[in-house]
Amino acid sequence: QVYLVESGGGLVQAGGSLRLSCAASGSIFRINDMGWYRQAPGKQRELVARITSGGTTNYADSVKGRFTISKDNAKNTVYLQMNSLKPEDTGVYYCNVEQRKNYGSGTNNYWGQGTQVTVSS
């Protein structure tokens, strides 16, 4: 099992910044990608940013140029730097880890408990 703990959420005014952290523990091996998802009130969870084991990054169009995902392999931690925050960024942010199965193809996915980000107008 992989265990994820997010931190860094809070309340910020539009235009402000926050940095989210996600620390992984447990069976930290066979990891493909790590990423951040968010769920706004009344909406489905959506991808915000992902980073592969090789360091390749992908972002939702809505956050490109404002958010940056990074990781520290030695600390088993992934970060999300969020700048120029907008009210539409409000939601619960979840850390996700994709782990390769030890047989055939396919993956296991693990999720953190979520951290609330609220951006006021």
Side-chain angles (χ1 to χ4, degrees):
Q1 299 291 315
V2 176
Y3 303 93
L4 306 173
V5 179
E6 302 106 328
S7 62
L11 174 64
V12 65
Q13 293 184 347
S17 298
L18 287 172
R19 189 181 76 157
L20 307 183
S21 298
C22 173
S25 62
S27 300
I28 310 302
F29 51 84
R30 301 195 307 276
I31 301 300
N32 286 335
D33 302 336
M34 302 183 73
W36 289 94
Y37 292 71
R38 68 187 180 190
Q39 187 166 17
K43 298 182 179 180
Q44 291 190 309
R45 189 174 300 183
E46 65 175 350
L47 172 69
V48 177
R50 296 194 67 80
I51 185 166
T52 70
S53 60
T56 301
T57 59
N58 296 98
Y59 298 93
D61 288 340
S62 60
V63 307
K64 287 182 178 178
R66 299 188 297 121
F67 292 9
T68 302
I69 188 171
S70 61
K71 63 178 180 178
D72 185 334
N73 289 331
K75 296 181 179 180
N76 297 127
T77 300
V78 63
Y79 306 93
L80 184 67
Q81 178 66 47
M82 304 185 294
N83 298 324
S84 302
L85 283 162
K86 304 174 180 179
E88 66 190 64
D89 295 318
T90 293
V92 179
Y93 283 67
Y94 297 91
C95 182
N96 168 259
V97 167
E98 182 182 273
Q99 180 186 60
R100 298 189 302 278
K101 295 183 182 296
N102 61 3
Y103 60 90
S105 62
T107 59
N108 294 321
N109 280 279
Y110 300 92
W111 298 89
Q113 82 286 354
T115 184
Q116 177 70 44
V117 172
T118 302
V119 184
S120 62
S121 300

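Predicted, not measured: the structure shown is a model, and the values here were computed from it.
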S.K.: Hey, are the side chains of Leu80 and Arg19 touching, using non-hydrogen atoms and a 4.5 Å cut-off?
M.R.: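 Leu80 vs Arg19: side chains apart.
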S.K.: Got a second to check how far Leu47's CG is from Tyr59's OH, nearest 0.5 Å?
M.R.: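 One finds 11.0 Å between CG of Leu47 and OH of Tyr59.
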S.K.: Establish, from distance only, whether the side-chain atoms of Ser53 and Asn32 form a donor-acceptor pair under 3.5 Å.
M.R.: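 No pair is found: no donor N or O on one side chain lies under 3.5 Å from an acceptor on the other.
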S.K.: Can a donor-acceptor pair be found between the side chains of Arg45 and Tyr93 at a distance below 3.5 Å?
M.R.: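 No, no side-chain donor-acceptor contact under 3.5 Å.
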S.K.: For Lys101, I'd like to know if atom NZ has over 12 heavy atoms of other residues, nucleotides or ligands within 6.0 Å.
M.R.: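 Correct, the count exceeds 12.
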S.K.: Between the side chain of Glu46 and the main-chain N/O of Ala60, is any donor-acceptor distance below 3.5 Å?
M.R.: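 It does not hold such a pair.
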S.K.: Heavy-atom distance under 4.5 Å between the side chains of Gln81 and Ile69, does that happen here?
M.R.: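 The answer is no; the side chains never approach within 4.5 Å.
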S.K.: Any chance you could measure Lys86, atom NZ, to Ser120, atom OG, to the nearest 0.5 Å?
M.R.: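 Rounded to the nearest 0.5 Å, the NZ-OG separation comes out at 15.5 Å.
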S.K.: Applying the 4.5 Å side-chain criterion to the ILVMFWY set and letting contacts propagate, would Val117 and Tyr37 be lumped into a single cluster?
M.R.: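 No, Val117 does not connect to Tyr37 through the hydrophobic network.
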S.K.: Say you draw a straight line from OG1 of Thr107 to CG of Asp33; how long is it, rounded to the nearest 0.5 Å?
M.R.: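 If we round to the nearest 0.5 Å, Thr107:OG1 and Asp33:CG are 9.0 Å apart.
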S.K.: Looking at every non-hydrogen atom in both residues, tell me the closest pair between Lys75 and Thr77 and how far apart they are.
M.R.: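 So the two residues come closest at O-OG1, 2.9 Å.
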S.K.: Apply side-chain hydrogen bond (donor to acceptor under 3.5 Å, both in side chains) to Tyr94 and list each qualifying residue two or more places apart in sequence or on a separate chain.
M.R.: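 Testing Tyr94 for side-chain hydrogen bond (donor to acceptor under 3.5 Å, both in side chains), a comparison that skips the adjacent residues, returns none.
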S.K.: As an exercise, state the distance from NZ of Lys71 to CG of Asn76, rounded to the nearest 0.5 Å.
M.R.: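 The NZ atom of Lys71 sits 10.0 Å away from the CG atom of Asn76.
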S.K.: Under 6.0 Å between ring centres: does that hold for Phe67 and Trp36?
M.R.: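 No, the ring of Phe67 stays outside the 6.0 Å limit from the ring of Trp36, centre to centre.
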S.K.: Which is it for Met82 and Leu20 under the side chain to side chain contact (heavy atoms under 4.5 Å, CB included) test, yes or no, and what are the steps along the way?
M.R.: CA-CA 8 Å; Met82 304 185 294; Leu20 307 183; 3.8 Å; yes
S.K.: Applying side chain to side chain contact (heavy atoms under 4.5 Å, CB included) to Leu18 and Leu85, what does each step give before you reach the verdict?
M.R.: CA-CA 8 Å; Leu18 287 172; Leu85 283 162; 4.1 Å; yes
S.K.: Would a single hydrophobic cluster contain both Val92 and Val48, if residues Ile, Leu, Val, Met, Phe, Trp and Tyr are joined by side-chain heavy-atom contacts under 4.5 Å?
M.R.: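 They do not share one cluster, since no chain of ILVMFWY contacts under 4.5 Å joins Val48 to Val92.
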S.K.: Is any side-chain heavy atom of Asn109 closer than 4.5 Å to a side-chain heavy atom of Val97?
M.R.: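 Asn109 vs Val97: side chains apart.
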S.K.: Does one side chain, of Glu98 or Asn96, offer a donor that lies under 3.5 Å from an acceptor on the other?
M.R.: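 Side-chain D/A pair, Glu98 to Asn96: absent.
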S.K.: Hey, what do you get for CD (Glu6) to CD (Gln113), rounding to the nearest 0.5 Å?
M.R.: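 Between atom CD of Glu6 and atom CD of Gln113 there are 4.5 Å.
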S.K.: Begin with the C-alpha distance, continue with both residues' side-chain angles, and end with the deciding distance and a verdict on side-chain hydrogen bond (donor to acceptor under 3.5 Å, both in side chains) for Gln116 and Thr118.
M.R.: CA-CA 6 Å; Gln116 177 70 44; Thr118 302; 3.3 Å; yes
S.K.: Starting from the C-alpha separation in whole Å, work towards a yes-or-no answer on side-chain hydrogen bond (donor to acceptor under 3.5 Å, both in side chains) for Ser17 and Asn83.
M.R.: CA-CA 4 Å; Ser17 298; Asn83 298 324; 2.9 Å; yes
S.K.: So Val78 and Ile51, do their side chains get closer than 4.5 Å, heavy atoms only?
M.R.: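 Side chain of Ile51 against side chain of Val78, heavy atoms only: contact under 4.5 Å found.
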S.K.: Mind checking whether Ser84 and Arg66 have side chains closer than 4.5 Å, heavy atoms only?
M.R.: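 A side-chain contact under 4.5 Å exists here.
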S.K.: Between Lys64 and Asp61, is there a side-chain N and carboxylate O pair less than 4.0 Å apart?
M.R.: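 Asp61 and Lys64: salt-bridged.
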S.K.: Quick check for you: to the nearest 0.5 Å, what is the distance between Gln44 atom CD and Arg38 atom CZ?
M.R.: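 Spacing of CD (Gln44) from CZ (Arg38) equals 14.5 Å.
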S.K.: Check whether any side-chain N or O of Thr90 sits under 3.5 Å from a backbone N or O of Val119 as a donor-acceptor pair, and report yes or no.
M.R.: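 Yes, the answer is positive, given that a donor and an acceptor are paired below the 3.5 Å cut-off.
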